[in-house]
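Just so you know, ligand 1 is whichever comes first in the structure, and atom 1 is the first atom listed for that ligand.
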Amino acid sequence: MSTLIMKFGGTSVGSAKAHAQAVEIVLEQSREWDRLVIVVSAMSGVTDLLIKGARTASQGDDQTYQGVVKDLRTRHYRVVDELLDGSGEQAHIKASVDQYLDDFAVFCNSIHVLGELTPRAMDAISSFGERINARILAAILRQQGLHSEAVDSTELIITDEKFQNAVPLMDLTRKQIEKVLIPRLDQGEVPVVTGFMAATEKRVTTTLGRGGSDYSASILGVCLDADEVWIWTDVNGVMTSDPKIVPEAISLPLLSYNEISELAYFGAKVVHPRTIRPVVEGGIPLRVKNTTNPKHPGTLIDQNPDLGKSTVKAVTLIEGLSMVNVEGRGMMGVPGIAARTFAAVASQGASVLMITQASSEQSISFLLPMESVELVLSALRDEMVLELARKDIDKIWSMDNMVIVTAVGAGLRETPGIGARIFGALAEVGINVIAVAQGSSECSISLAIAAKDAEHAVRQIHTVVLDDSGG
Ligand code: ADP
Ligand code: ASP
Ligand code: MG
């Protein structure tokens, strides 16, 4: 029995025109596969607006969220008016849009009164975009004659209680999918599942992190033992770089799981980084395709694709980082210093994106999101108070406004001197590399550089090194 999971991202369902294209694609694939499951994101920009409404309410502003309600009603009604005929379905879906927006306003009002916004409330609120959109898409599909219903993933994906970045509990999730989704599929239904959101065992709404609908699709893929998972987005698959930064970027027909993992982890937001693990475990091919150009093959990500001769395949960028440095000539004599350093970082819930050790000095440096740097610095200074007093550690400090630029390609491993070529290309245009690290899978090289050089560095590596390596 053939099974396909297709996820439509925000821009693929961001307007009536985009919805109509997505519907065409679903109809076509519904004729090809025995089982088809659709995962849908909120319309583009909707999650941002919901979060903004909640944040401003918590800061004492009771106007912004009301404006958001109006905006969102107009945007969703426009799609409903254009794509659903005046039958009962149209009125029914509009009533459901109203209901969700009313609930959103009630939540924001309570947040305004209490002056407090918890991660738990944020998850309840930020899931409304997916709830609404799944209903709209399922109704359009019904109108086209498909047996389709919206299914809230709170019924399917069960997670821990780490609100805003929840971790799925796979055994419970499998059980729910068996109980709720499989009977629907057995009846020939094409379910439209809400991406991004999930629930705890007690059915409290959680979310899988921003951009997490891709992850929802791969979780469903592995639990349903799908043949393939397709991510529909607004570009021709995974490209040699973000086309918004490098207009000459071209799409990559084939990537390995390792390559996509590095790309996603180091900033290629076209696929959410957590998407990869379930498909690797299930050995499920993942395709990334363009909703506005469905005939384009996009990118196929698989276990062992023909890797070709290229070394560097793509260049990515993560912005908004700080580099923390722990340095001092005496520190290498202190046992367990690295372990204590990272334990102090972890105690603040901060995620470290890159770690390096400078060779000229005795130091440990690492990059993390700029917003966590103050907490991390004070946790480190507390932890190392004795070492600082004894001058084993001279200072603990940070450089702000940093980025990580990463070159990714499975061929990097076998190609000596690639680092030198990257440095050469950057030196040519006067860009200073502050730190370097090699990815654990050895298919990436990451450079820490100043934010002012970020886009220039990406374009320079793209032009000089990718072309050289045949990527
Ligand atoms: P969706 O709403 O479909 O989930 P996203 O905005 O999350 O879409 O991801 C698609 C965007 O990712 C593209 O529009 C592009 O700007 C960006 N992007 C960043 N790096 C890459 C890359 N290497 N290849 C393709 N797109 C990339
Ligand atoms: N709508 C959610 C977000 O904007 C999830 C997603 O788009 O994948 O983060
Ligand atoms: Mg996305």
**Request:** Identify, by atom number and element, the atoms of ligand 1 in contact range of T11, meaning under 4.0 Å from any of its heavy atoms.
**Result:** 2 (O), 3 (O)
**Request:** Run the numbers on K175 and K179 for side chain to side chain contact (heavy atoms under 4.5 Å, CB included), then give the verdict.
**Result:** CA-CA 6 Å; K175 276 194 197 127; K179 193 168 116 199; over 6 Å; no
**Asked** Heavy-atom contact under 4.0 Å between G195 and ligand 2?
**Response** no
**Request:** Give the residue and atom name of whichever protein heavy atom lies nearest to atom 24 (N) of ligand 1, and the separation in Å to one decimal.
**Result:** M239 N, 2.8 Å
**Item:** Residues N432 and D453: side-chain donor-acceptor under 3.5 angstrom
**Value:** no
**Contact partition for S213 relative to ligand 2, non-hydrogen atoms under 4.0 Å** = both
**Item:** Minimum side-chain heavy-atom gap V279-Y257 below 4.5 Å
**Value:** yes
**Prompt:** What protein heavy atom sits nearest atom 21 (C) of ligand 1, and how far off is it?
**Reply:** D242 CA, 3.7 Å
**Asked** Nearest protein heavy atom to atom 7 (O) of ligand 2, by residue and atom, and its distance?
**Response** S41 OG, 3.6 Å
**Message:** Counting only nitrogen or oxygen atoms and a 3.5 angstrom limit, does D214 reach ligand 2?
**Reply:** no
**Item:** Protein contact to atom 5 (P) of ligand 1 [nearest heavy atom, distance to 0.1 Å]
**Value:** K269 CE, 3.7 Å
**Prompt:** Of the protein's non-hydrogen atoms, which lies at the shortest distance from atom 4 (O) of ligand 2, and what is that distance?
**Reply:** R210 NH2, 2.9 Å
**Request:** Would you check if there is a donor-acceptor pair between the side chains of T159 and T206 at a distance under 3.5 Å?
**Result:** yes
**Request:** Please lay out, stage by stage, how E281 and R277 fare under the test salt bridge (Lys or Arg N to Asp or Glu O under 4.0 Å).
**Result:** CA-CA 6 Å; E281 285 174 3; R277 192 168 157 193; 3.0 Å; yes
**Asked** Any luck finding a side-chain donor-acceptor pair between S30 and R35 under 3.5 Å?
**Response** no
**Asked** What do you reckon, does G211 have a nitrogen or oxygen under 3.5 Å from a nitrogen or oxygen of ligand 2?
**Response** yes
**Asked** Near V238, which atoms of ligand 1 are under 4.0 Å from a heavy atom of that residue?
**Response** 24 (N)
**Message:** As an exercise, identify every atom of ligand 1 less than 4.0 angstrom from a heavy atom of K244.
**Reply:** 13 (C), 14 (O), 15 (C), 16 (O)
**Message:** For ligand 1, which is the ligand I care about here, please tell me if D214 has any N or O atom under 3.5 Å from one of the ligand's N or O atoms.
**Reply:** no
**Item:** Protein heavy atom at shortest distance from atom 2 (O) of ligand 1
**Value:** G10 N, 3.0 Å
**Prompt:** Which bit of H272 gets closer than 4.0 Å to ligand 1, counting heavy atoms only: side chain, backbone, both or neither?
**Reply:** neither
**Heavy-atom nearest neighbour in the protein, as seen from atom 4 (O) of ligand 1, with distance rounded to 0.1 Å** = K7 NZ, 3.1 Å
**Asked** Hey, is G212 one of the residues with a heavy atom under 4.0 angstrom from ligand 2?
**Response** yes
**Prompt:** Considering only heavy atoms, does S241 approach ligand 1 within less than 4.0 Å through its side chain, its backbone, both, or neither?
**Reply:** backbone
**Message:** Ignoring hydrogens and geometry beyond distance, is a side-chain donor-acceptor pair present between N258 and E262 at under 3.5 Å?
**Reply:** no
**Prompt:** How about S444 and T406: does a side-chain donor come under 3.5 Å of a side-chain acceptor?
**Reply:** no
**N or O pair under 3.5 Å between D234 and ligand 1** = yes
**Message:** Hydrogens and angles aside, do N133 and H19 bring a side-chain donor and acceptor to less than 3.5 Å of each other?
**Reply:** yes
**Complete:** The protein heavy atom nearest to atom 26 (N) of ligand 1 is V270 CB, 3.5 Å
**Item:** Distance (rounded to the nearest 0.5 Å) between C108 SG and R55 CZ
**Value:** 12.0 Å
**Request:** Give a yes/no verdict on whether any heavy atom in E130 is under 4.0 Å from an atom of ligand 2.
**Result:** yes
**Request:** Compare all side-chain heavy atoms of L447 with those of I461 and state whether any distance is below 4.5 angstrom.
**Result:** yes
**Message:** Between D81 and K94, does the salt bridge (Lys or Arg N to Asp or Glu O under 4.0 Å) criterion hold? Intermediate values first, please.
**Reply:** CA-CA 9 Å; D81 283 333; K94 279 188 173 171; 2.7 Å; yes
**Asked** Mind checking whether K7 has an N or O less than 3.5 Å away from an N or O of ligand 2?
**Response** no
**Nitrogen or oxygen atoms of T233 and ligand 1 under 3.5 Å apart** = yes
**Other residues, nucleotides, ligands: >12 heavy atoms within 6.0 Å of Q144 CD** = yes
**Carboxylate-amine/guanidinium proximity below 4.0 Å for E178 and R174** = no
**Prompt:** With a 4.0 Å cut-off on heavy atoms, does A249 reach ligand 1?
**Reply:** no
**Request:** Identify, by atom number and element, the atoms of ligand 1 in contact range of V235, meaning under 4.0 Å from any of its heavy atoms.
**Result:** 13 (C), 14 (O), 25 (C), 26 (N)
**Message:** Is it the case that the side chains of D400 and S322 hold a donor-acceptor pair, with the cut-off being a distance below 3.5 Å and no angle test?
**Reply:** yes
